[in-house]
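What's counted below: heavy atoms across the whole structure, side chains too, no hydrogens, waters or symmetry copies. Lettering of chains follows the sequences in order, A, B, ..., and the numbering in each one begins at 1. These numbers were taken from a predicted model, which means no experiment stands behind them.
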Amino acid sequence: MSKLQPARGTRDIYGVEARNMTCVVDTFRRVAGTYGFEELATPIFEFTEVYKRPLGEASDIVSKEMYTFEDRGGEELTLRPEFTAGVCRAFISNGMQQNLPCRLMSYGPAFRYERPQKGRYRQFHQINAELLGQDTPEADIDMIAMAWRLLRELGLGEKVVLHLNTLGDKESRTAYKEALVTYLNKFKGDLSEDSQRRLESNPLRILDSKDEGDKKIVTDAPKLSDHLNETSLNFFETVKKGLDIVGVPYIHDERLVRGMDYYCHTAFEFVTTELGAQGTVLGGGRYDGLIEQLGGPATSGVGWAGGIERLAMLADVGEAPERPVVIMPMGEAATFKAFEIAEMLRNKGLTVTADRSGNMKKRMNRADKANAAFAIIIGDNELEQGTAMLKRLDDGTQSEIAFADIAAAIQFN
RNA sequence: GCGGGUGUAGCUCAGUUGGUUAGAGCGCCAGAUUGUGAUUCUGGAUGUCGCCGGUUCAAAUCCGGUCAUUCGCCCCA
């Protein structure tokens, strides 16, 4: 291995992987576009406060995973660990509440200081969609329907399962938290170390614990669904009804909670079993208090983020690049003629490259490797007669064609 | 942050109880064919055996550390 390695948890993306990832983004932009979403590109770093406040001081992301630094001007900055907070900040900064509801799509890199694993990197890439200013469950349905459409278009309809839950509104969640902590405190000594810590910081997370002992205790724990007030219940019922009508299959997963503090009501994750420990491929939910918390006008929001690497690994749908036409000028005069012809062919939308070095054998060899469909050979003979040799590489046939007729003679089968 | 696996050519991997000049396939380069590829034939180069140190007459091989990667925990997309 070379000494020039990329930093831990980062990597170079090229070839099929790059194509697959681009395809995920393209599909996302197209699908989100059909739901009326418009692009928003926020900065890759923000004042640390933007992430610290909404995510919660106790969250793993803030407490140990952010890339935070002081710049030369002494500002406390953080590389974005996720999209939602930055999008909400942009919403406030630009006065977007003037025009609700606001449908915003973003994509790009995000950064978390985590232990790298397959499908988990320190620099990773997300697609992100947020719908702001619509507090009714219909918005949640739209968002999930959009995610489902995207996943199906990526060919993942069979590989992914929607886990759906509700966290209830604030009143329900507070009541439930109280009941849960009271129950769990009875078993405090038997809980895993992690869960004992969570009892203080984020008790809902204990429901999600993979520790066998915890699982047993959790089995008889009070259920969130028994503590939902009528508003929360109706909200959730409407979401489920909507999903049924749109045709999105789901399972109600009572143990599904979210890592970020700002979520309420709907929480969901599309999960796969094909990526080892990194099962979640796309996840999100509702976050009605977030914008207000950031200092903006009270505005509700629903959103989700998808992991581009994870989606790309599952989907493997990147299109092969267009087959090029390769021009091979065999002398100085022909070299300049080749520019002319190349531009002419590009005007017709063809992919054209020129190979100006090496003998013909080498050039043919390279053309073959580039999966070229045609080679255009221009030498002194041809130049004199105003023609080029057009060779179809799939079957080896070739013929002399007048310069003006080349574009018409190139037919892909 | 914790625990396990792995690290040999550009890629995928062999390499015996430590033993002399470290191998294969693919790919790459050259020639057979000076203006014609993908097939075939012939020839060639693959290299700090991840890195640093230790044990030993002798280390790709054993030991320690370190870096990277991978799997699990944790967390999440």
Exercise. B:G15 and B:G27: how far apart are their P atoms, nearest whole angstrom?
Worked result: 24 Å

Exercise. Counting just side-chain N and O atoms, does A:Arg8 come under 4.0 Å of either OP1 or OP2 of B:U69?
Worked result: yes

Exercise. Mind checking who B:U69 pairs with, Watson-Crick or G-U wobble, both distances under 3.5 Å?
Worked result: B:G5

For this session: Write down the distance separating the C1' atoms in B:C11 and B:C28, rounded off to the nearest Å.
Result: 11 Å

Exercise. Between B:A60 and B:U16, how far is it from one C1' atom to the other, in whole Å?
Worked result: 13 Å

For this session: Classify the side-chain pair A:Ser106/A:Glu39 by whether it contains a donor and acceptor separated by less than 3.5 Å.
Result: no

Problem set entry | Carboxylate-amine/guanidinium contact A:Asp142 A:Arg149, below 4.0 Å | no

Problem set entry | Nearest-angstrom distance, C1' atom, B:A38 to B:U21 | 37 Å

For this session: May I ask you to verify whether the side chain of A:Arg115 and the base of B:G3 hold a donor-acceptor pair under 3.5 Å?
Result: yes

Exercise. What is the per-nucleotide protein-contact pattern of nucleotides 33-46 of chain B, from the 5' end, where B denotes a base atom under 4.0 Å from a protein heavy atom, S denotes such proximity for sugar-phosphate atoms only, and - denotes neither?
Worked result: --BBBB--------

Problem set entry | A:Arg122 to A:Tyr113 six-membered ring, cation-pi geometry met (6.0 Å, 45°) | yes

Exercise. Base, sugar-phosphate, or nothing: which does A:Tyr121 touch, judged by heavy atoms less than 4.0 Å apart?
Worked result: base

Problem set entry | Separation of the P atoms in B:C57 and B:U66, to the nearest angstrom | 28 Å

Problem set entry | Side-chain H-bond candidate by donor/acceptor type, A:Ser225 with A:Glu254, under 3.5 Å | yes

Exercise. Ignoring hydrogens and angles, are the base of B:C71 and the side chain of A:Arg120 linked by a donor-acceptor pair under 3.5 Å?
Worked result: no

For this session: Would you please indicate yes or no on a ring centroid separation below 6.0 angstrom for A:Phe187 and A:Tyr183?
Result: yes

Exercise. Of A:Gly284 and A:Tyr113, whose nearest nucleotide on RNA chain B comes first from the 5' end?
Worked result: A:Tyr113

Exercise. Between A:Asp140 and A:Thr266, does any side-chain donor sit less than 3.5 Å from a side-chain acceptor?
Worked result: yes

Exercise. Looking for any heavy atom pair under 4.0 Å, which part of the strands does A:Gly9 touch: base, sugar-phosphate only, or nothing?
Worked result: sugar-phosphate

Problem set entry | Selection: residues 141-150 of chain A, any non-hydrogen atom under 4.0 Å of RNA chain B | none

Exercise. Under 4.0 angstrom, heavy atoms only, what part of the nucleic acid is A:Glu269 near: base, sugar-phosphate, or nothing?
Worked result: nothing

Exercise. Expressed as a whole number of Å, how far does the C1' atom of B:U70 sit from that of B:G50?
Worked result: 15 Å

Exercise. If only side-chain N and O atoms of A:Gln117 are considered, is one of them under 4.0 Å from the OP1 or OP2 phosphate oxygen of B:U69?
Worked result: no

Problem set entry | Output field: ring centroids A:Phe236/A:His252 closer than 6.0 Å | yes

For this session: Before accepting this row, confirm whether a basic side-chain N of the pair A:Glu114/A:Lys64 lies closer than 4.0 Å to the acidic partner's carboxylate O.
Result: no

Exercise. Side chains of A:Arg89 and A:Ser93: donor-acceptor distance under 3.5 Å anywhere?
Worked result: yes

Exercise. Under 4.0 angstrom, heavy atoms only, what part of the nucleic acid is A:Ala305 near: base, sugar-phosphate, or nothing?
Worked result: sugar-phosphate

For this session: Could you list the residues that satisfy side chain to side chain donor-acceptor pair (under 3.5 Å) with A:Arg8, not counting sequence neighbours?
Result: none

